[in-house]
Amino acid sequence: MDKTSVSQKRIVVLTGAGVSAESGVRTFRDNNGLWEDHAVEDVATPGAWRKNAGLVWRFYQARRRQLLEVKPNDAHIALARLQANVEHFTLITQNVDDLHERGGCTEVHHMHGQLRTLRCEASGQSEVRMDGLDLTDEFLTCTCCEQPSRLRPDIVWFGEMPMKMAEIYDAVEACDLFIVVGSSGHVYPAANLVHIANQNGANTVLVNLEHPINSEAFEEVHIGKAGEVLPSLVEKLIAK
Ligand code: NAD
């Protein structure tokens, strides 16, 4: 890494399901390609919603209720500490949980949507719906339309366009340091961001429990649990 102080570098962090694993939120790829015992095509595609909206709804309502039971772990807290100590910091997450925000990070780019919000099927508007009555298995309707419409999970399903891609590409193309935490490298376009960072001359760092399929794209690889590796990595970065 060059000698510019880390506080002045443009740092972009991309997180995946692994950063929330130590909070008790199950990852997807670690479980033989099943997510909470469901095949992805049965619960996380537009076709699944058309075919069996009840199953998809109950799946996401269970994930939404789980948010009330889980807490940020040391990895989420370390990233908030990094954000607080550098001038230019962008956090991109593939995660749909809210553990980065609750760990202290602000302005999180949720490229695959969020569990806390639901989206009106008619207008496309999102609203935060986390009150008790919003968390049952009954379908809900929006507050934005004159004739209330059904709400869907505010999630980017497989086959849909990820959110905030223009801002994400701008941040990755301009960064000096790109750090990926807890991502298997299977889901695109997120898995391609490290190549964009490399092409633009950034230093690239990976923290993951095991070697993911794109680990050779990174200059520096730390194998271990995010909650154990990240706190000391962040302290070293801040001290530079
Ligand atoms: P993934 O499940 O495909 O891969 C997770 C990676 O994290 C694996 O390589 C695994 O080895 C690693 N890992 C597991 N525990 C770890 C730990 N303690 N520390 C560091 N690394 C650890 O996840 P992905 O690449 O994010 O892609 C899966 C898709 O599923 C995403 O699009 C995401 O939206 C969705 N998903 C989200 C959540 C969530 O919001 N928490 C949970 C499951 C799946």
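As the structure lists them, so they are numbered: ligands from 1, and atoms in each ligand from 1.
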**Q** Which atoms of ligand 1 are found less than 4.0 Å from any heavy atom of Val187?
**A**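 Near Val187, meaning under 4.0 Å from one of its heavy atoms, ligand 1 has 27 (O).
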**Q** Judged by atom type as modelled, is there a donor-acceptor pair below 3.5 Å linking the side chain of Arg102 to the main-chain atoms of Val70?
**A**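 At least one qualifying donor-acceptor pair exists.
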**Q** I'd like to check which ligand 1 atoms, numbered from 1 as shown, lie under 4.0 Å from a non-hydrogen atom of Gly16.
**A**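 Going through ligand 1 atom by atom, the ones under 4.0 Å from Gly16 are 26 (O).
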**Q** Using the salt bridge (Lys or Arg N to Asp or Glu O under 4.0 Å) rule, collect all pairs that involve residues 145-158, keeping only residues at least two apart or in two chains.
**A**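 Output for this query lists Arg119-Asp154, Glu121-Arg150, Arg152-Glu160.
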**Q** Heavy-atom distances under 4.0 Å are what count here, so tell me which part of Val96 touches ligand 1: side chain, backbone, both or neither.
**A**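 Both backbone and side chain.
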**Q** Can you name the atoms of ligand 1, numbered from 1 with element, that are less than 4.0 Å from a heavy atom of Glu22?
**A**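 What qualifies from ligand 1 is 17 (C), 18 (N), 19 (N).
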**Q** May I ask you to check if Arg63 and Phe59 form a cation-pi contact, with NZ or CZ under 6.0 angstrom from the six-membered ring centre and within 45° of the axis?
**A**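 Yes; both conditions hold, so Arg63 lies above the ring face of Phe59.
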**Q** Can you list the atoms of ligand 1 that are under 4.0 Å from a heavy atom of Gly224?
**A**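 The list of qualifying atoms is 19 (N), 20 (C).
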**Q** On a heavy-atom basis, which atom in Val19 and which in Asn73 lie closest, and how many Å separate them?
**A**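 That would be O-ND2, 2.9 Å.
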**Q** Going by the closest heavy atom to atom 25 (O) of ligand 1, which one wins out of Ala21, Gly182, Ser183?
**A**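 Looking at heavy atoms only, Ser183 sits closest to atom 25 (O) of ligand 1.
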**Q** What I want to check is whether the side chains of His100 and Thr15 have a donor and an acceptor closer together than 3.5 Å.
**A**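 Their side chains do contain a donor-acceptor pair, which is all the 3.5 Å distance test asks for.
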**Q** Tell me whether Gln94 reaches ligand 1 (any heavy atom closer than 4.0 angstrom to a ligand atom).
**A**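 Contact check Gln94 vs ligand 1: positive.
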**Q** Could you tell me which atoms of ligand 1, counted from 1 in the order shown, lie closer than 4.0 angstrom to a heavy atom of Val25?
**A**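 Those atoms are 41 (N).
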**Q** Between Arg26 and ligand 1, which residue portion shows a heavy-atom distance shorter than 4.0 Å: side chain, backbone, both, or neither?
**A**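 The answer is the backbone.
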**Q** To check you understand the geometry: which heavy-atom pair defines the closest contact between Val43 and Tyr60, and what is its length?
**A**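 In terms of heavy atoms, the two residues are closest at O-CE1, 3.2 Å.
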**Q** When Ile, Leu, Val, Met, Phe, Trp and Tyr are grouped by side-chain heavy atoms lying under 4.5 Å apart, directly or through other members, which residues fall in the same group as Val194?
**A**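 Grouped by the 4.5 Å side-chain rule, Val12, Leu14, Ile92, Met111, Met165, Ile168, Tyr169, Val172, Phe178, Val180, Leu193, Ile196, Leu206, Phe218, Val221, Ile223 form the rest of the cluster around Val194.
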